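For clarity, every value in this text was computed on a predicted model and none was experimentally measured. To find a chain, count down the sequence lines: A is the first, B the second, and so on, and within it residues start at 1. Hydrogens, waters and symmetry mates play no part in the numbers below; they use all other heavy atoms, side chains included.
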2 protein chains.
Amino acid sequence: MAIKNTEEQVPICAVDFAFRRIGGKYKGRLLWYLHLHKVLRYGELRRSITDITPKMLTQTLRELEDDLLIERKVYHEVPPRVEYSLTEVGKELVPFIEHLRMWGEQRMKKENIPMIQQGKCAL
Amino acid sequence: MAIKNTEEQVPICAVDFAFRRIGGKYKGRLLWYLHLHKVLRYGELRRSITDITPKMLTQTLRELEDDLLIERKVYHEVPPRVEYSLTEVGKELVPFIEHLRMWGEQRMKKENIPMIQQGKCAL
DNA sequence: CAGTATCCAATCAGATACTG
DNA sequence: CAGTATCTGATTGGATACTG
């Protein structure tokens with residue numbers, strides 16, 4: 001079984017490298033929600049990213065984990081409990097996402113683009 | 001012919017919206033190079049993004065243009081000349097890309113990840 | 001020079017059903 | 001609860017050849 005994460009290809013440059021780590025359909029939102037709530041369980045993440053399937057959620061979480069941006073903590077209980085949170089490296093990206101979010105809000109207003117959810121990308 | 005740009009889908013939230021505009025394999029580098037050089041012709045962009053095909057370059061440039069991040073200026077000369085540059089909205093993104101680039105550089109050092117090009121993602 | 005057109009391969013993503 | 005497995009469809013990306 002081949003290793004399947006973002007590291008696979010040698011990045012062209014630092015911009016390329018960084019965009020690979022945070023690119024992808026759900027990574028921004030995932031990191032943002034984890035920032036807002038500090039700790040979230042698998043099911044909670046699933047309910048916050050309403051348009052994600054379990055397959056994509058697991059896949060994306062694994063990539064973020066491999067890339068050292070989030071931490072996965074398993075509690076060996078019945079029923080099982082798994083908690084996700086940002087690592088220190090992941091937290092370094094928060095200001096960036098925060099600014100980008102504000103930029104997005106402003107742009108959506110100016111261009112009159114509707115969005116599905118209201119407020120701060122709430123859970 | 002269907003309109004084919006990033007607006008097609010209603011964004012879930014502002015984070016989702018912003019990540020769609022700058023996501024994609026080449027957008028970050030394209031914006032970054034245009035920031036560094038102010039004005040670049042099609043062929044120059046093609047030579048800076050060494051791994052891009054003409055198809056993808058045109059496609060990505062059109063998306064950035066539709067999304068109001070870059071401007072395309074055609075000179076009706078022979079041979080033809082087309083110049084690309086950042087719009088005011090596009091320039092708003094430069095600080096983020098700059099930070100992200102620095103973050104990427106730091107991470108690549110700490111994780112000992114090699115990169116193909118050296119320096120400031122130079123042309 | 002600045003692209004298009006066409007065809008094909010690879011990757012991404014979704015639906016659905018199932019498991020420790 | 002927190003995932004996996006499988007199959008299929010959609011989207012993205014690439015090679016190559018050609019054009020105003």
Inset, instruction - Can you spot which of B/K27, B/K25, B/R20 makes a salt bridge (Lys or Arg N to Asp or Glu O under 4.0 Å) with B/E63? - result: B/K27
Legend entry - Common cluster, A/L68/A/L34, ILVMFWY with side-chain heavy-atom separation under 4.5 Å: no
Inset, instruction - Using a 4.0 Å heavy-atom cut-off, write out nucleotides 13-20 of chain C from 5' to 3' as B (base contacted by protein), S (sugar-phosphate only) or - (no contact). - result: BBB----B
Inset, instruction - Look at the aromatic rings of B/F96 and A/F96 and report parallel, tilted or perpendicular, splitting at 30° and 60°. - result: perpendicular
Inset, instruction - Name the nucleic acid region contacted by A/Y84, choosing base, sugar-phosphate or nothing; use a 4.0 angstrom heavy-atom cut-off, strictly under. - result: sugar-phosphate
Inset, instruction - Note every stem involving DNA chain C: at least three consecutive Watson-Crick or G-U wobble pairs, i with j then i+1 with j-1, with both distances under 3.5 Å. - result: C:1-20 with D:1-20
Legend entry - Flag side-chain contact, heavy atom, 4.5 Å: A/R29 against A/D51: yes
Inset, instruction - Would you indicate, yes or no, if C/dC1 has its OP1 or OP2 atom less than 4.0 angstrom from a side-chain nitrogen or oxygen of B/R47? - result: no
Inset, instruction - For A/H99, look at atom NE2 and say whether over 12 heavy atoms of other residues, nucleotides or ligands are found less than 6.0 Å away. - result: no
Inset, instruction - Flag the pair B/L61 / B/Y42 as yes when at least one side-chain heavy-atom distance between them is below 4.5 Å, and no otherwise. - result: yes
Legend entry - All side chain to side chain contact (heavy atoms under 4.5 Å, CB included) counterparts of A/R41, not counting sequence neighbours: A/E44, A/R81, A/E83
Inset, instruction - Ignoring backbone atoms, test whether B/R41 places a side-chain nitrogen or oxygen under 4.0 Å from the OP1 or OP2 oxygen of C/dC1. - result: no
